[in-house]
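Notes to accompany the following structure.
Throughout, a chain's letter reflects where its sequence line sits, starting with A, and its residues are numbered from 1.
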2 protein chains.
Amino acid sequence: MNNLVQIKRLQRYRMALLRLKNMGLKKTFSHSLSEETGVSPVLIRKDFSQFGIRGKRRGGYDIDSLLDELKLLFGREKEQNVVLVGLGNIGAALVKYEGYRQSNMNMVAVFDIDPVKRTRRYSVPVYSLESLREVVNAFDVSVAILAVPEFSAQETAHYLVENGISGILNFAPVLLKLPGHVLVNNINIMIELERLMYHIGVRTKPI
Amino acid sequence: MNNLVQIKRLQRYRMALLRLKNMGLKKTFSHSLSEETGVSPVLIRKDFSQFGIRGKRRGGYDIDSLLDELKLLFGREKEQNVVLVGLGNIGAALVKYEGYRQSNMNMVAVFDIDPVKRTRRYSVPVYSLESLREVVNAFDVSVAILAVPEFSAQETAHYLVENGISGILNFAPVLLKLPGHVLVNNINIMIELERLMYHIGVRTKPI
DNA sequence: ATTAATATGTGAAATTAGTAACAAATTAAT
DNA sequence: ATTAATTTGTTACTAATTTCACATATTAAT
């Protein structure tokens with residue numbers, strides 16, 4: 001029952017709860033969470049219920065215990081190391097991003113084939129892809145962010161997997177063909193923008 | 001029946017078809033498209049069928065005509081102008097991105113409240129948010145990319161809408177509360193990374 | 001020409017996801 | 001203490017999505 005959509009929602013609850021906690025709140029209700037997440041109150045209760053998370057019949061849910069329960073689901077206790085591959089526009093943005101710690105993650109290295117880009121200095125070292133295996137072994141990395149151009153995405157992904165990566169967050173607009181044990185999560189910014197345009201366009205289409 | 005998930009799939013078909021066309025292919029089959037997109041062949045045929053796109057009972061689908069049909073669905077003929085708000089890490093990546101044209105879009109301006117950032121020079125001008133309305137009117141902009149920090153996202157989004165924006169591609173990890181006519185599409189990179197971690201973790205969890 | 005092979009197209013069945021309705025518990029009010 | 005109000009938790013129902021099964025068209029082979 002570890003459903004995909006359900007996991008997505010639980011993530012959203014978790015984010016919303018962190019916000020609410022930040023605002024100083026101690027408890028919340030399915031309908032307040034609904035406001036924060038856009039998910040219907042019943043579905044929220046059902047999700048919680050199915051994951052064994054229980055509230056009080058009139059007191060709602062205690063934010064801290066909710067977050068604890070969700071941490072059990074999502075939080076590996078050990079900090080997880082990730083690597084970034086590709087120092088293009090997106091790659092450069094992601095290496096400068098500072099919020100990994102907040103999600104209990106740590107970016108340990110960046111890789112790029114371009115020697116010029118490797119001279120750049122960030123808070124994490126930049127290597128040639130030849131050093132990948134070494135880094136993967138040294139830091140026990142299993143997840144990589146792939147931010148290389150479309151034309152080299154498949155090949156690079158394959159190389160990552162050969163060197164011990166088993167999860168890829170892929171920014172290239174291609175379906176990566178990889179062994180079945182590898183998990184891929186795709187982010188395609190242009191496609192999201194296009195769809196937004198489409199829906200706007202449809203709505204405002206001349207009669 | 002202009003369903004959301006269906007539109008998402010049609011977009012994926014379109015991308016795959018563009019790739020196949022680029023590779024010099026003239027026709028394709030539901031099962032080949034399935035390989036490229038990860039969608040089952042039946043579902044592909046059904047999607048096409050429901051949108052009035054028809055193939056030949058043994059000859060498969062003609063890539064060019066398929067793309068034409070999809071263009072009718074997705075392609076506004078007029079190039080669509082977009083603006084970008086926020087010149088942080090992601091914003092800087094998006095302003096440097098060169099592929100908008102390819103999707104028949106055009107980034108006409110960037111906005112940031114930080115005067116220092118406004119001194120940077122890109123291929124598009126950087127303005128203070130005060131100029132937003134002017135730009136929106138001059139370039140007939142209805143869609144904005146919102147790449148500001150979480151704490152100012154809601155407020156900024158509201159301001160965008162007040163000044164004529166009706167579609168937002170939101171990178172901030174909050175559910176924007178906006179009037180019903182406004183369309184929002186969210187991209188949350190950390191949440192995608194976390195989910196990848198979660199699924200990897202679940203799979204490799206000690207027994 | 002006939003037969004075999006291959007792909008599409010589609011109604012029915014199965015699966016999955018989400019909503020509605022309401023009982024049970026808890027708190028607040030009188 | 002009793003009653004009323006509120007909120008969770010769950011079962012039954014409804015809706016949406018996907019797959020299955022197979023008829024139908026088209027091409028290729030003999």
Side-chain angles (χ1 to χ4, degrees), chain A residues 1-14 16-17 20 25-70 73 175 180 195 198-199 202, chain B residues 1-14 16-17 20 25-70 73 175 186 195 198-199 202:
Chain A
M1 180 49 98
N2 261 18
N3 203 316
L4 244 130
V5 282
Q6 210 171 18
I7 294 294
K8 283 192 189 183
R9 284 199 300 266
L10 287 168
Q11 285 189 288
R12 283 159 74 179
Y13 305 154
R14 183 156 160 275
L17 287 166
L20 294 176
L25 293 179
K26 293 289 174 215
K27 63 179 189 174
T28 189
F29 306 94
S30 56
H31 66 87
S32 336
L33 264 179
S34 175
E35 290 226 327
E36 291 297 314
T37 58
V39 181
S40 81
V42 210
L43 195 44
I44 292 178
R45 296 201 296 272
K46 206 167 192 180
D47 283 338
F48 284 164
S49 167
Q50 275 172 32
F51 276 85
I53 298 172
R54 310 190 70 79
K56 272 194 178 171
R57 285 268 164 148
R58 171 156 175 188
Y61 298 89
D62 179 68
I63 291 184
D64 277 327
S65 15
L66 257 180
L67 280 170
D68 283 349
E69 302 260 24
L70 289 172
L73 272 174
L175 182 78
R195 195 166 62 250
Y198 167 76
H199 288 296
V202 164
Chain B
M1 180 49 100
N2 260 18
N3 202 316
L4 245 127
V5 281
Q6 210 170 18
I7 295 294
K8 282 193 190 181
R9 284 198 301 266
L10 287 168
Q11 284 188 290
R12 284 160 73 180
Y13 305 154
R14 184 158 159 273
L17 287 165
L20 294 176
L25 294 177
K26 293 290 174 212
K27 64 179 189 173
T28 188
F29 305 95
S30 58
H31 66 88
S32 337
L33 264 178
S34 175
E35 292 226 326
E36 292 297 315
T37 59
V39 181
S40 80
V42 209
L43 195 43
I44 292 178
R45 295 201 296 271
K46 209 159 202 179
D47 281 339
F48 284 165
S49 165
Q50 274 172 31
F51 276 85
I53 298 172
R54 308 192 70 79
K56 273 195 178 170
R57 285 267 165 146
R58 170 155 176 194
Y61 298 88
D62 179 69
I63 291 184
D64 277 327
S65 15
L66 257 180
L67 281 169
D68 283 349
E69 302 258 25
L70 288 173
L73 273 174
L175 183 78
N186 297 290
R195 196 167 60 251
Y198 167 75
H199 287 296
V202 165

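- In this structure, B:Ser40 reaches the D:dT19 phosphate: one of its side-chain N or O atoms is under 4.0 Å from OP1 or OP2.
- The side chain of A:Leu43 approaches C:dG18 more closely than any other nucleotide in the set D:dT18, C:dG18, C:dT10.
- Taking atom CG of residue A:Leu4 and atom C1' of nucleotide C:dA17, one finds them 13 Å apart after rounding to whole Å.
- We find that NZ of B:Lys8 is positioned 17 Å from P of D:dA16, with the value rounded to whole Å.
- Residues satisfying the salt bridge (Lys or Arg N to Asp or Glu O under 4.0 Å) criterion with A:Asp62, sequence neighbours excluded, are absent altogether.
- For A:Asp68, there are no side chain to side chain donor-acceptor pair (under 3.5 Å) partners, not counting sequence neighbours.
- In this structure, A:Arg54 reaches the D:dT10 phosphate: one of its side-chain N or O atoms is under 4.0 Å from OP1 or OP2.
- For B:Val5, whose side chain is taken as the heavy atoms from C-beta onward, the closest listed nucleotide among C:dG18, D:dT18, D:dT10 is D:dT18.
- Across the protein-nucleic acid pair, B:Ile53 atom CD1 and C:dG9 atom P stand 10 Å apart, rounded to whole Å.
- Across residues 25-33 of chain A, A:Phe29, A:Ser30 each have a non-hydrogen atom less than 4.0 Å from an atom of DNA chain D (numbered order).
- At whole-Å resolution of the value, CZ in B:Arg45 and C1' in C:dA7 are 7 Å apart.
- The structure places CD of A:Glu69 at 8.0 Å from CG of A:Leu73, a figure rounded to the nearest 0.5 Å.
- For the residue pair B:Thr37 and A:Leu175, the shortest heavy atom distance occurs at C-CD2, 3.6 Å.
- Between the CZ atom of B:Phe51 and the C1' atom of C:dG9 there is a distance of 16 Å, rounded to whole Å.
- When the ring-ring contact (aromatic ring centres under 6.0 Å, His included) test is applied to A:Phe48, the partners found at least two apart in sequence or on another chain are A:Tyr13, A:Tyr61.
- When atom types are taken as modelled, the side chain of B:Ser34 and the backbone of B:Val39 share a donor-acceptor pair closer than 3.5 angstrom.
- Residue pairs satisfying the salt bridge (charged side-chain N to carboxylate O under 4.0 Å, His left out) criterion with at least one member in residues 52-61 of chain A, sequence neighbours excluded, are absent.
- Rounded to a whole Å, the CG atom of B:Asp47 is 14 Å from the P atom of C:dT8.
- A search for salt bridge (Lys or Arg N to Asp or Glu O under 4.0 Å) contacts involving A:Arg195 returns A:Glu192, not counting sequence neighbours.
- Under 4.0 angstrom from either OP1 or OP2 of D:dG9 there lies no side-chain N or O belonging to A:Ser49.
- Listed by chain and number, the residues in a side chain to side chain contact (heavy atoms under 4.5 Å, CB included) with B:Ile63 are B:Leu17, B:Leu20, B:Lys21, B:Leu25, B:Thr28, B:Leu67 (sequence neighbours excluded).
- Spacing between atom CZ of B:Phe48 and atom P of C:dA7 amounts to 16 Å, rounded to whole angstrom units.
- Within residues 56-67 of chain A, the residues that place at least one heavy atom under 4.0 Å from DNA chain D are, in residue-number order, A:Lys56, A:Arg57, A:Arg58, A:Gly60, A:Tyr61.
- The salt bridge (charged side-chain N to carboxylate O under 4.0 Å, His left out) pairs that include a residue from residues 31-49 of chain B are A:Lys177-B:Glu36, B:Arg9-B:Asp47, B:Arg19-B:Glu36, where partners are two or more places apart or lie in different chains.
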Give every pair of a protein N or O atom and an N or O atom of nucleotides 12-15 of chain D that lie under 3.5 Å apart, one pair per line with the distance.
from	atom 1	to	atom 2	distance (Å)
D:dA12	N6	A:Lys46	NZ	3.2

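- Computed from coordinates, the A:Gln50 CD to D:dT8 P distance equals 16 Å when rounded to whole Å.
- A search for salt bridge (Lys or Arg N to Asp or Glu O under 4.0 Å) contacts involving B:Arg14 returns A:Glu194, not counting sequence neighbours.
- Within the structure, a side-chain polar atom (N or O) of B:Arg9 is placed less than 4.0 Å from OP1 or OP2 of D:dT18.
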Walk me through it: do A:Leu70 and A:Ile53 pass the test side chain to side chain contact (heavy atoms under 4.5 Å, CB included)?
-> CA-CA 9 Å; A:Leu70 289 172; A:Ile53 298 172; 4.2 Å; yes
